[in-house]
Amino acid sequence: MELAGARVLVAGATGVLGGDLARALAGAGARVALTGRDDGRLQALAGELGGAPARAADAVDVHSVRAAVDAAARALGGLDAVVVAWGVVAFGPAAEADDAVTEELFAVNTLAPMSLVRAALPHLADGGAVVLLSAIVADAPTLGMAEYSASKAALSAWASVLRRELRSRSVAVLDVRPPHVDTGLVDRALAGTPPRLPAGHDRDEVVTAVLDGLREGAREVVLDPREKRLVRR
Ligand SMILES: NC(=O)c1ccc[n+]([C@@H]2O[C@H](COP(=O)([O-])OP(=O)(O)OC[C@H]3O[C@@H](n4cnc5c(N)ncnc54)[C@H](OP(=O)(O)O)[C@@H]3O)[C@@H](O)[C@H]2O)c1
């Protein structure tokens, strides 16, 4: 996909990786629309990006998600790509997980991206792209992070089917599974304290890999465990 002029909705633009991705996409010449939960930070980013269309939505409210998608498509005259960077994390032993926390993890990390993509597909041009921020734990479920790992593994499984089903429309589905990155996500955990985590991976490398993956129509961005760098395939 050619990023210059592409119409891209970034969900979770108020987050660290979502904000980085929105700025990088705008820097590459894309016309971005934004959604996020915190309206103050959302409007600040919209202003920074020269008045990008922006509408706040709560990921767990399907009506507000649909309204944000429709507003973005109206403002941009359709969509060429959606990037979903919503996410929450929680820590603790699986046997002790709180049911309400587990529900929120799956609502934000798994069900909300599915809802957003379903809402966006009627607006999405053939040859367009869907980018989903999953995580390395989808491949390597991690002690103390059973529910987070499961929520991301479910999203990646869904993405792999979506990709095949959208082949007839030439819509690329990019499943991004980064390792730990120092964004403060773990300090905003819904519950628990994090286990010992590896040093944070380079944020800029994640953003560059996503943009290159979009340009190339890649299927996934994952860590090469031997070389400790992100690869696209
Ligand atoms: N950081 C890492 O180590 C890492 C590693 C692998 C994958 N990831 C994934 O990358 C994505 C971005 O993470 P990040 O590190 O950039 O974290 P972040 O800065 O905390 O961003 C999380 C985003 O999710 C949004 N969000 C959370 N709950 C929401 C809700 N109910 N409704 C609407 N938005 C909601 C936040 O919105 P507000 O700020 O407006 O509340 C924020 O925009 C997530 O999917 C995460 O799982 C992160």
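Order of appearance sets the numbers: ligands from 1, and atoms from 1 within every ligand.
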Separation between CH2 (W86) and OG1 (T110), nearest 0.5 Å, reads 12.0 Å
**Study point:** Electrostatic pair E205-R229, nearest N-O below 4.0 angstrom
**Key:** no
Should the heavy atoms of other residues, nucleotides or ligands under 6.0 Å from CG of D99 be counted, would the total exceed 12?
no
In this structure, CD of E48 is separated from CD of Q43 (nearest 0.5 Å) by 13.0 Å
How far apart are the C-alpha atoms of D58 and S64, what are their side-chain angles, what is the distance that settles it, and do they pass the side chain to side chain donor-acceptor pair (under 3.5 Å) test? CA-CA 6 Å; D58 193 320; S64 75; over 6 Å; no
Between the OG1 atom in T14 and the CZ atom in R37, the distance rounded to the nearest 0.5 Å is 7.5 Å
Ordered by chain then number, the protein residues lying under 4.0 Å from ligand 1 by heavy atom are G12, T14, G15, V16, L17, R37, D38, R41, A57, D58, A59, A85, W86, G87, V88, V108, L133, S134, A135, Y148, K152, P178, P179, H180, V181, T183, L185, R188
